[in-house]
Structure formats: C-alpha cells, structure tokens
Amino acid sequence: MAQTALCNGRFTIEQRLARWLLMSHDRVDREDIMLTHEFLSLMLGVRRAGVTTALRNLVTLGSIGIHRGTIVIRDRAELLASAGDAYGAPEASYAAVMGTTPPGLAA
C-alpha cells in the first residue's frame with residue numbers, strides 16, 4: 001500500500017499506468033488484457049483523457065497495442081523502462097509470497 005501511495009504522489013500518469021499494466025500482466029497468463037480506458041481511469045484516480053494520452057504514448061513506444069477494450073503487451077522490457085522506479089520492490093515481495101517470479105524481475 002505504501003508503494004501505491006508513493007506512486008500516486010510521485011510518478012506521472014504514464015509511469016503509474018505502465019506499473020498497473022505490468023502488475024496485471026504478472027497475474028494473467030496471456031499478452032492481451034481486457035481493460036477499458038474508463039476502468040483504468042478509475043484504478044489510477046485520473047481523468048479518462050489522461051489515460052488515453054498515456055496509452056497513446058505507450059503505443060508510440062511500441063510497448064503495448066490497443067484494441068477496443070483490450071490492451072496487448074508487445075514489449076515488456078519497454079513497459080518496464082516506462083514504469084521506472086514505480087515498479088519492482090512490492091512486486092518482488094508479492095512473487096516471493098506466491099512462489100513465482102514475474103517476467104522482468106528474475107535475478
């Protein structure tokens with residue numbers, strides 16, 4: 001929870017969105033994730049227009065693809081770079097508790 005509070009106050013919408021997409025990707029066994037702009041705006045606590053702009057930026061970088069109601073993870077490494085320090089420590093702790101290692105956090 002502390003990491004989420006820190007992210008909300010310190011990181012950009014794009015970084016927070018990248019973190020949220022990475023966390024979602026960690027928990028599903030597929031590259032396509034069923035998410036809408038509206039749902040993401042509620043999860044991030046920002047306006048829908050901000051989510052749309054951040055998603056466009058991630059598409060331009062080639063890290064994701066967008067189809068109606070679906071986000072496809074295309075380049076996880078690029079998404080990790082976009083998230084920066086917003087992603088990592090809590091996810092590693094979660095993986096240790098669950099006995100898994102999310103892609104991109106392997107030692």
Side-chain angles (χ1 to χ4, degrees):
M1 263 193 312
Q3 180 71 11
T4 298
L6 175 68
C7 286
N8 289 344
R10 181 172 176 226
F11 296 106
T12 65
I13 294 172
E14 187 173 322
Q15 289 172 306
R16 291 166 45 206
L17 175 61
R19 175 181 183 251
W20 211 91
L21 292 174
L22 287 163
M23 290 189 314
S24 297
H25 189 235
D26 292 344
R27 289 158 179 82
V28 299
D29 191 24
R30 50 191 308 163
E31 302 304 312
D32 57 327
I33 305 168
M34 307 301 256
L35 296 168
T36 63
H37 293 180
E38 185 66 29
F39 178 77
L40 288 168
S41 72
L42 290 171
M43 293 296 99
L44 296 174
V46 298
R47 293 179 48 230
R48 187 183 179 283
V51 169
T52 300
T53 300
L55 284 169
R56 272 195 217 126
N57 292 342
L58 293 174
V59 168
T60 301
L61 291 172
S63 55
I64 64 169
I66 300 175
H67 308 286
R68 189 169 184 88
T70 304
I71 296 173
V72 180
I73 307 299
R74 298 206 186 277
D75 186 347
R76 186 174 170 94
E78 185 64 46
L79 201 55
L80 280 164
S82 294
D85 291 336
Y87 179 85
E91 291 72 31
S93 295
Y94 172 84
V97 169
M98 299 305 287
T100 62
T101 302
L105 289 181

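- Following chains of ILVMFWY side-chain contacts shorter than 4.5 Å, one can reach Tyr87 starting from Met43, so the two form part of one hydrophobic cluster.
- With values rounded to the nearest 0.5 angstrom, Leu58 atom CG is found 5.0 Å from Ser82 atom OG.
- Residue Ile66 is grouped with residue Val28 when hydrophobic side chains (ILVMFWY) are merged at heavy-atom distances under 4.5 angstrom, including chains of intermediate members.
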Under 3.5 Å, sequence neighbours excluded: what are the donor-acceptor pairs made by side chains of residues 44-52?
residue	atom	partner	partner atom	Å
Thr52	OG1	His37	ND1	3.2
Thr52	OG1	Arg48	O	3.1

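- Scored by the side-chain hydrogen bond (donor to acceptor under 3.5 Å, both in side chains) test, Glu78 finds no partners at all (sequence neighbours excluded).
- Contacts classified as ring pair (Phe, Tyr, Trp, His ring centres under 6.0 Å) and involving residues 43-72 (residues at least two apart or in different chains) are not found.
- Here Thr36 pairs with Glu38, Phe39 under the side-chain contact (heavy atoms from CB on, under 4.5 Å) rule; sequence neighbours left out.
- Leu35 places a side-chain heavy atom less than 4.5 Å from the side chain of Leu21.
- Side chains of Thr53 and Ile13 form no contact here, defined as non-hydrogen atoms less than 4.5 Å apart.
- In this structure, the salt bridge (charged side-chain N to carboxylate O under 4.0 Å, His left out) partners of Asp32, at least two apart in sequence or on a different chain, are Arg30.
- With rounding to the nearest 0.5 Å, the separation of CD1 in Ile33 from NE2 in His25 is 6.0 Å.
- Taking the side chain as every heavy atom from C-beta outward, Arg74 and Ile64 never approach each other to under 4.5 Å.
- To the nearest 0.5 Å, atoms CG (Leu79) and CG (Leu61) are separated by 9.5 Å.
- Residues Phe11 and Asp85 come closest through the heavy atom pair CZ-C, 3.8 Å.
- The heavy-atom pair separating Ala83 from Arg19 by the smallest distance is CB-N, 3.9 Å.
- Counting only heavy atoms from C-beta outward, the side chains of Leu40 and Ile71 approach each other to under 4.5 Å.
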